[in-house]
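Every value quoted in this text rests on a predicted model; they were computed, and no experiment measured them.
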Amino acid sequence: QVHLVESGGGLVQAGGSLSLSCAASGRTPSSYAMGWFRQAPGKEREFVAAISWSGGRTYYADSVKGRFTISRDNAKNTVYLQMNSLKPEDTAAYYCAVRRSTIVTMTTVGYSYWGQGTQVTVSS
């Protein structure tokens, strides 16, 4: 079992920045892709960003490209999401996830482990 804990959410004004972290513990795979997803009230969970095991490949949703940056520190089993130029439409619960594969995907399919989520609220 893999346990994921997100942190760093909060309330910020439009145009501001937040940095999210997600630490993995437990029986983590020897190599795995990680992703960030978000879910606003009444909407489906959607892809935000993902990163390969080495960190050499990153993927972003069009809505966050150029504003968000995903990174990881494998020594700490931690993935980060730096969010800049935040907009009210970025308001959602943000979840990190682990995929038991080195292949990165941009959907929720294939991600086996999920965190509890951290709330990000952007005021206008």
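- Annotation: the span from Trp53 atom CH2 to Thr102 atom OG1 amounts to 10.5 Å, rounded to 0.5 Å.
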Name every donor-acceptor pair, under 3.5 Å, that has one atom in a side chain of residues 5-18 and the other anywhere in the protein, sequence neighbours excluded.
| residue | atom | partner | partner atom | Å |
| --- | --- | --- | --- | --- |
| Glu6 | OE1 | Gln116 | N | 3.1 |
| Glu6 | OE1 | Gly117 | N | 2.8 |
| Glu6 | OE2 | Cys96 | N | 3.0 |
| Glu6 | OE2 | Gly117 | N | 3.2 |
| Ser17 | OG | Asn84 | OD1 | 2.9 |

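- The shortest distance between side-chain heavy atoms of Leu20 and Thr118 falls below 4.5 Å.
- Residues Phe37 and Phe47 bring their aromatic ring centres within 6.0 Å.
- By the criterion of side-chain heavy atoms lying less than 4.5 angstrom apart, applied directly or through intervening Ile, Leu, Val, Met, Phe, Trp or Tyr residues, Trp36 is not grouped with Tyr95; the two fall into different hydrophobic clusters.
- In terms of modelled atom types and a separation under 3.5 Å, the side chain of Thr28 and the main chain of Ser25 share no donor-acceptor contact.
- In this structure, OG in Ser52 is found 7.0 Å from CZ in Arg72, a value given to the nearest 0.5 Å.
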Quick one: do Tyr80 and Ile70 satisfy side-chain contact (heavy atoms from CB on, under 4.5 Å)? Show the steps, please. CA-CA 6 Å; Tyr80 306 94; Ile70 188 171; over 6 Å; no
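- Closest of all the heavy-atom pairs between Tyr111 and Ala97 is CD2-CB, 3.6 Å.
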Please assess Thr58 against Tyr60 for the test side-chain contact (heavy atoms from CB on, under 4.5 Å), listing each intermediate value before the final yes or no. CA-CA 7 Å; Thr58 56; Tyr60 298 94; 3.6 Å; yes
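- Of all heavy-atom pairs between Lys43 and Gln39, the closest is O-NE2, 3.1 Å.
- Taking CD of Glu89 as the start and CZ of Arg38 as the end, the distance is 8.0 Å to the nearest 0.5 Å.
- Side-chain contact between Val98 and Trp114 is absent, with no heavy atoms from C-beta onward closer than 4.5 Å.
- Listed by chain and number, the residues in a salt bridge (charged side-chain N to carboxylate O under 4.0 Å, His left out) with Arg67 are Asp90 (sequence neighbours excluded).
- In this structure, CE in Met106 is found 11.5 Å from CD in Glu46, a value given to the nearest 0.5 Å.
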Would you check, one step at a time, whether the test side-chain contact (heavy atoms from CB on, under 4.5 Å) holds for Leu81 with Val79? CA-CA 7 Å; Leu81 185 68; Val79 65; over 6 Å; no
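- In this structure, Gln119 and Ala92 approach most closely via the heavy-atom pair NE2-O, 3.4 Å.
- To the nearest 0.5 Å, atoms OG (Ser19) and CE (Met83) are separated by 7.5 Å.
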In sequence, state the C-alpha distance, the side-chain angles, and the governing distance for Tyr113 and His3, and then conclude on side-chain contact (heavy atoms from CB on, under 4.5 Å). CA-CA 7 Å; Tyr113 304 102; His3 186 54; over 6 Å; no
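- Atom OH in Tyr32 sits 14.5 Å away from atom CZ in Arg99 (nearest 0.5 Å).
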